[in-house]
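In what follows, every chain begins at residue 1, and chains take the letters A, B, ... in the order their sequences are listed. Note that the structure is a prediction, hence the values are computed from the model and not measured.
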There are 2 protein chains.
Amino acid sequence: MTETDPTQTKGFDRARQAASRALTEDYVEMISDLAAEFGEARITDLAARLGVAHPTATKAVARLKREGLAVSRPYRGVFLTEEGEAMAESVRARHRVVVALLRAVGVPDEVAELDAEGIEHHVSSRTLAAFEAYLTRKTD
Amino acid sequence: MTETDPTQTKGFDRARQAASRALTEDYVEMISDLAAEFGEARITDLAARLGVAHPTATKAVARLKREGLAVSRPYRGVFLTEEGEAMAESVRARHRVVVALLRAVGVPDEVAELDAEGIEHHVSSRTLAAFEAYLTRKTD
DNA sequence: ATAAAATTGTAGCCAAGGCTACATTCCGCA
DNA sequence: TGCGGAATGTAGCCTTGGCTACAATTTTAT
């Protein structure tokens, strides 16, 4: 029998949706990083950094363009829109907080950096706020 | 240009692999929970709890059987193998630690429970150990 | 200036996870 | 006992993210 308990399923649904958003966030963040480093994000560099073949990166960028997060012209670099830049900024900020929190509770630096990459996409705004508050307290 | 920096890509690869493992872990954990509650895990219950249609659960269970984590006979419940039970136990233990840590740093209970569902799959053994150590210190 | 190399685009395939629709089996109850 | 509803299985489709192979463009270097 077992009634469909919405409270129970909620968490799993969230986790699945987050998996999709994670890809977008990774690309947006990486495009922003590359733009900062080289002035523009090239498909090849994106693919290399994300560890995928270049057509995979091309497809992903097409999606970002569709969603209004990036723009690009054939055979040229990729650039973020204002909206994309904003997302990149918040993603980067969240990443920093997650890494800082992991370190604060005793996770070794290299491990913190690696695990944060996966964890950050599942940190809700409320949890993020709690992390920031904790770090502030600790710093005082 | 940009050389393929393995250190950079590592984190992303890990994140992607984790996404795949997460599904397995969710199913294994849920089968274990249902077994504890009802003595066996029914496909319908699994599907309902995980928020998917029943054929999706059927497919997933087929995969678990292929991987030696579960066994079942047609039109009967699903049961974990020893290996599956062991995975369920470690997954559950990790879940508890993650929730406890989130609470310990000030994340509200309901939020901690929800976010843990997504976060736990990205917590490496070293980070888990750090969490446990932190919780132990806090408790003293 | 132009050929070679690098980069990007495109086509088409695969696997995974999800779904609906329909077939089959099981089980409780009249 | 046997029938109807619930549970499970199966078929087939969709989407997504990944890949290889090959075509087109741009860059670089002679």
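In this entry the distance linking OH of Tyr75(A) with C1' of dT8(C) reads 5 Å, nearest Å. The CG atom of Leu46(A) sits 15 Å away from the C1' atom of dG9(C) (whole-angstrom rounding). Residue Arg42(B) contributes atom CZ, which lies 10 Å from atom P of dG9(D) at whole-angstrom precision. For the pair His54(B) NE2 and dC19(C) P, the computed distance is 11 Å after rounding to whole Å. The distance from atom CZ of Arg73(B) to atom C1' of dT25(C) is 13 Å, rounded to the nearest whole Å. As rounded to whole Å, 12 Å separates atom C1' of dT8(C) from atom NZ of Lys65(A). The CZ atom of Arg49(B) sits 14 Å away from the P atom of dA7(D) (whole-angstrom rounding). Residue Ile43(B) contributes atom CD1, which lies 13 Å from atom P of dG18(C) at whole-angstrom precision.
Of the side-chain N and O atoms in Arg63(A), none sit less than 4.0 angstrom from OP1 or OP2 of dT16(D). Between Arg21(A) and dT16(D) there is no side-chain N or O to OP1 or OP2 distance below 4.0 Å.
The nearest pair of heavy atoms linking Tyr134(B) to Val105(A) is CB-O, 3.6 Å. The two residues Ile43(B) and Ala57(B) come nearest to each other via the heavy atoms O-CB, 4.1 Å. Nearest heavy atoms, Ala70(B) versus Thr81(B): N-CG2, 3.8 Å. When every heavy atom of Ser32(A) is checked against every heavy atom of Leu80(A), the shortest pair comes out as CB-CD1, 3.8 Å. Residues Leu102(B) and Ala112(B) approach most closely at CD1-O, 3.6 Å, considering heavy atoms.
Here the side chain of Thr58(B) is nearest to one of dC26(C), dA24(D), dT10(D), namely dT10(D). With dT26(D), dA7(D), dG18(C) as the candidates, the nucleotide lying closest to the side chain of Thr56(B) is dG18(C).
Along DNA chain C, the nucleotide nearest to Pro55(A) and the one nearest to Lys59(B) differ in position, and the one closer to the 5' end is contacted by Pro55(A). DNA chain D is contacted by both Ser72(B) and Pro74(A); Ser72(B) maps to the nucleotide lying nearer its 5′ end (nearest heavy atom per residue).
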